[in-house]
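Here the structure is a predicted model, which means the values were calculated and not measured.
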Amino acid sequence: MFRLIITRVFLGFATLFAVTLLIFAATEILPGDVASAVLGQGATPDTLAAFRIELGLDRPAYVRYLEWLTNALQGDLGVAMTNKREVLDTITPRLYNTLFLAGYAAAIAVPIAIILGITAAINEGKWIDRAANIVTLGAISVPEFFIAYILILVFATNLGWFPSLSTVYSDMGFWQKIHVVALPALTLTMLVMAHMLRMTRASVLAIMSQPYIEMAFLKGLPRKRVILHHALPNAAAPIISVVALNLAYLIVGVVVIEVVFVYPGVGQYMVDGVSKRDLPVIQACALVFGSAFVLLNTIADILAILVNPRLRHPR
């Protein structure tokens with residue numbers, strides 16, 4: 001087991017290294033000229049050349065990559081081209097806002113999805129199972145921005161319960177922030193809860209076809225007891241993987257939601273950086289998203305190893 005955990009950690013670092021290569025390569029192949037995009041069309045050739053030298057664009061790509069990676073490992077994410085501010089100072093409060101939104105949605109979606117998924121598996125073929133399948137399939141099929149606009153129309157425009165723009169400030173109270181961020185959190189909850197519910201149900205039902213589960217039924221144990229005491233412990237590993245994947249989506253996939261609700265998170269910051277061709281901002285935001293995705297999936301792999309009964313009790 002210990003060897004498997006070390007292997008997963010090593011693979012996590014290797015994946016993160018590959019992510020840094022992809023991030024830098026993607027920013028390198030962006031169309032257009034960075035200097036012209038930042039300085040505008042009115043800049044003279046001499047000014048553009050001097051600015052390219054200032055940005056280090058006259059040096060080879062691998063030199064700039066190694067410098068960027070070394071600085072990032074030391075906590076230096078560079079300086080924004082547009083306002084000359086440290087990217088780390090700007091992205092830190094925005095990262096807190098994104099994590100707050102993701103945690104808000106996860107606190108609602110994860111327990112409800114797991115409980116309903118297990119309930120649907122226990123009542124396979126019954127009305128509650130059919131209703132859960134219909135509702136979750138509908139939620140997965142609808143684009144996230146469409147759900148967001150429907151919620152804004154109903155709860156913000158018509159009912160007036162929540163604001164349509166989720167603008168938060170550093171000195172805003174906790175419960176006030178909960179109220180302001182309710183609509184984007186509800187949008188994310190509907191999306192990830194549907195996926196987690198379906199995968200939890202599928203994982204439990206897949207274990208139900210195993211021979212030891214059939215033996216438990218032959219002994220006369222009720223279906224609820226068989227699922228909770230025999231199937232669920234063995235289905236925990238795929239459920240953990242699904243939960244971690246959706247938690248990663250809550251952090252990485254909030255870009256569209258933050259843009260729709262004008263929420264001051266990392267996703268909104270990245271969109272602004274792309275529109276202004278601010279490479280340090282784009283690279284920093286992509287690195288944050290990539291690191292979060294790799295970290296959560298690595299933790300999920302380790303937890304799946306720890307909760308696997310066949311690995312905890314080897315024969």
Side-chain angles (χ1 to χ4, degrees), residues 6 8-40 43 46-102 170 247-248 250-255 258-259 263-299:
I6 295 298
R8 292 297 188 277
V9 173
F10 174 77
L11 289 175
F13 280 112
T15 304
L16 187 58
F17 174 72
V19 168
T20 62
L21 285 172
L22 291 175
I23 291 172
F24 192 83
T27 54
E28 283 292 302
I29 62 177
L30 284 175
D33 181 65
V34 176
S36 298
V38 175
L39 296 180
D46 292 338
T47 305
L48 292 174
F51 191 60
R52 292 191 186 98
I53 295 175
E54 180 184 347
L55 298 178
L57 298 178
D58 58 321
R59 294 177 297 168
Y62 73 91
V63 174
R64 289 184 281 116
Y65 167 73
L66 292 176
E67 181 180 1
W68 171 70
L69 182 60
T70 302
N71 292 336
L73 291 175
Q74 297 174 356
D76 182 8
L77 298 179
V79 178
M81 295 179 181
T82 52
N83 56 16
K84 301 301 180 181
R85 294 183 57 185
E86 291 286 340
V87 176
L88 183 63
D89 296 337
T90 307
I91 203 173
T92 299
R94 289 178 173 268
L95 178 59
Y96 169 77
N97 291 337
T98 296
L99 293 177
F100 179 84
L101 175 59
S170 58
L247 290 179
L250 284 175
I251 298 176
V252 178
V254 297
V255 176
E258 289 185 356
V259 171
Y263 184 73
V266 179
Q268 179 71 46
Y269 190 39
M270 186 174 186
V271 171
D272 293 339
V274 171
S275 64
K276 299 174 182 177
R277 292 298 303 275
D278 200 329
L279 294 186
V281 172
I282 299 172
Q283 292 171 343
C285 294
L287 184 60
V288 168
F289 286 143
S291 300
F293 193 88
V294 172
L295 176 62
L296 286 172
N297 280 276
T298 301
I299 293 175

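Taken from CD1 in I23 to OG in S291, the straight-line distance is 7.0 Å, to the nearest 0.5 Å. Here F24 contributes atom CZ and L69 contributes atom CG; the two are 10.0 Å apart, rounded to the nearest 0.5 Å. From F293, atom CZ reaches atom CG of L295 across 11.5 Å, with rounding to the nearest 0.5 Å. Remark: L11 CG to L16 CG distance equals 12.5 Å, nearest 0.5 Å. Distance check: L287 CG to W68 CH2 gives 5.0 Å after rounding to the nearest 0.5 Å. To the nearest 0.5 Å, atoms CZ (R8) and CG (N297) are separated by 11.5 Å.
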Less than 3.5 Å apart, which donor and acceptor atoms pair up between the side chains of residues 73-80 and the rest of the protein, not counting sequence neighbours?
| residue | atom | partner | partner atom | Å |
| --- | --- | --- | --- | --- |
| D76 | OD1 | G78 | N | 3.0 |

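Minimum heavy-atom separation, A284 to V87: CB-CG1, 3.5 Å. Taking all atoms of both residues into account, the shortest heavy-atom contact from Y269 to C285 is CD2-SG, 3.6 Å. The two atoms that bring N97 and G265 nearest to each other are CB-CA, 4.4 Å, heavy atoms only. Looking at every heavy atom in both residues, E258 comes nearest to V266 through OE1-N, 3.5 Å. Considering every non-hydrogen atom in both T98 and Y263, the closest pair reads N-CE2, 4.2 Å. The two residues A286 and M270 make their nearest non-hydrogen contact at CB-CE, 4.0 Å.
Using modelled atom types, no side-chain atom of T298 and backbone atom of G12 make a donor-acceptor pair closer than 3.5 Å.
Looking at residues two or more places apart in sequence or on another chain, you find a side chain to side chain donor-acceptor pair (under 3.5 Å) between Y65 and T20.
Put simply, the side chain of Q268 reaches to within 4.5 Å of the side chain of V259, judged on heavy atoms.
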